[in-house]
Amino acid sequence: MTYTDRDRAVQAAVAQGLVGPEEPVAGLLDITGVRRSAAELHAAFAEFTAPGAPVLHAFAVKAASLVPVLRLLAQEGLGCEVASPGELALARAAGVPADRTVLDSPAKTPAELREALALGIAVNADNREELARIDHLRTSVPSTAPIGLRVNPQIGGGRIGAMSTATDTSKFGIALRDEGARDWVVRACLDRPWLTRLHAHVGSQGMPLELMGAGVRALFDLAEEINERAGRQQIDTLDIGGGLPVNFSSDVTTPTYREYAALLRSAVPGLFAGRYGLITEFGRSLLAKHGTVLARVEYAKSAGGRPIAVTHAGAQVATRTVFVPEAWPLRVAAYDAEGRPKTGAPVAQDIAGPCCFAGDLVAENRPLPLLQSGDHTALLDTGAYYFSTHFAYNSLPRPGVYGYAASPDGVRFAVIRTPQSLSDLTAESGAAYAESLREL
Ligand SMILES: *Cc1c(COP(=O)(O)O)cnc(C)c1O
């Protein structure tokens, strides 16, 4: 049997005790793979973009809110897209400069806006009220921050409703096809010579590429209309968002960045002509395939004739998969007690997590070699939105996360995040105020 880099990393993580009886679950991230994806992203857009046209690939921080990962991506030439004060703080801790950071939250407070303007961070206003706030703040906060407006081209939803941001009634941006909205947007830009960017992000995962292309097309057409009405190139940058879907059913990366860039090239030829700077905001597609959640099987049992492996990876690290399994299925790989790929005839079994509710299953009736206590399960393609997006149910601690570089000669690990300690966890749960309620 030939080992993949992931197999080597799993075995080494078990051998080195990164996962074991004391630390029964951890996240592993293939750093070589992350670098490769970043390079593929750069190459795909560089191939089509006119020489000299600025392109900023801003990584969507919510996909992996881990400072060393942001730092690595910055080293690989990416910026950050942030959507909360916390995400901005992480980007800054990673040393990502203000002029490579884009702020996109739909609920920015005045304080957040003031900070972004003062730092010179690009802001995409989500709605009319936010734009009015920015008008007001600009009178008192000296700023070079580029300002954009997020629009919802209302081109329709993808496969997953909760991830579709360009439906008629999506909460994001200015709904462009609503009565009077387009004229309002054009006027808002003409009245504000400093409003120089347009932004759309039409969905995450489950969006057909053609629909994504239609969204970018609508953005481009709007920019052209505004520029024509302004009689100058007022809109100079288009932020086309992220959302490239990830294949969760095999190790194949599909679609690729190149396929998406080629589709944009044919759907929106002017996009790459060099008249517009370009910003992208990919998250999942940069990291998902490079991450693995590795967990110990604590017990193997059976109920109603069905074998159940009780593992330490459930809803706390795979929240979406557990709660909406049809939208977020994950592949599960079985490893033995030493972390070697487990062999044996497939037996349909449930792969359960440690949370105290019945639905805490990451896979149901899944054919795998029959798992035993002490074995390990690996949740594949979990490099984005899984171990970095913890759900604190049952006060389960955030697991450690480790980057790895694997080769036939061995596996090297680096700490991305240590496991949350029980004292951190109790402190976070108000331990300092243990007596406070008695005083009421
Ligand atoms: C979530 C999000 C992204 C990233 O989406 P992916 O599917 O992870 O690529 C980009 N831009 C905005 C505004 C987002 O909300």
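Start at 1 and go down the list; that is how both ligands and their atoms are numbered.
Here Arg150 has side-chain heavy atoms under 4.0 Å from ligand 1, and that is the only part of it that gets that close. Proximity of Met163 to ligand 1, defined as any heavy-atom pair under 4.0 Å, is not found for any part of the residue.
No donor-acceptor pair closer than 3.5 Å links the side chain of Ser143 to the backbone N or O of Ala118. In terms of modelled atom types and a separation under 3.5 Å, the side chain of Gln233 and the main chain of Ile235 share a donor-acceptor contact. Of the possible polar contacts, one joining the Arg100 side chain to the Gly77 backbone as a donor-acceptor pair under 3.5 Å is found.
Ligand 1 lies within reach of Gly243, whose nearest heavy atom is under 4.0 Å from it.
With respect to atom 8 (O) of ligand 1, the closest heavy atom belonging to the protein is Tyr385 OH, 2.5 Å. Nearest protein heavy-atom contact of atom 5 (O) of ligand 1 is Ser204 OG, 3.1 Å. Atom 2 (C) of ligand 1 has Lys62 NZ, 2.3 Å as its closest protein atom, hydrogens excluded (heavy atom only). The nearest protein atom to atom 11 (N) of ligand 1, hydrogens excluded, is given as Glu281 OE1, 2.7 Å; this is a heavy-atom distance.
The aromatic rings of Phe48 and Phe272 are tilted relative to each other, their planes meeting at an angle between 30° and 60°.
The ligand atoms of ligand 1 that sit less than 4.0 angstrom from a heavy atom of Phe282 are 9 (O). Residue contact check: Arg284 has heavy atoms under 4.0 Å from atoms 6 (P), 7 (O), 8 (O), 9 (O) of ligand 1. Each of the following atoms of ligand 1 lies closer than 4.0 Å to a heavy atom of Asp104: 13 (C).
In this structure, Phe45 has its ring center under 6.0 Å from that of His57.
Expressed to the nearest 0.5 Å, how far CZ of Phe282 lies from CG of Leu287 amounts to 13.0 Å.
Salt bridge annotation for Arg187-Asp183: absent, with no cationic side-chain nitrogen under 4.0 angstrom from a carboxylate oxygen.
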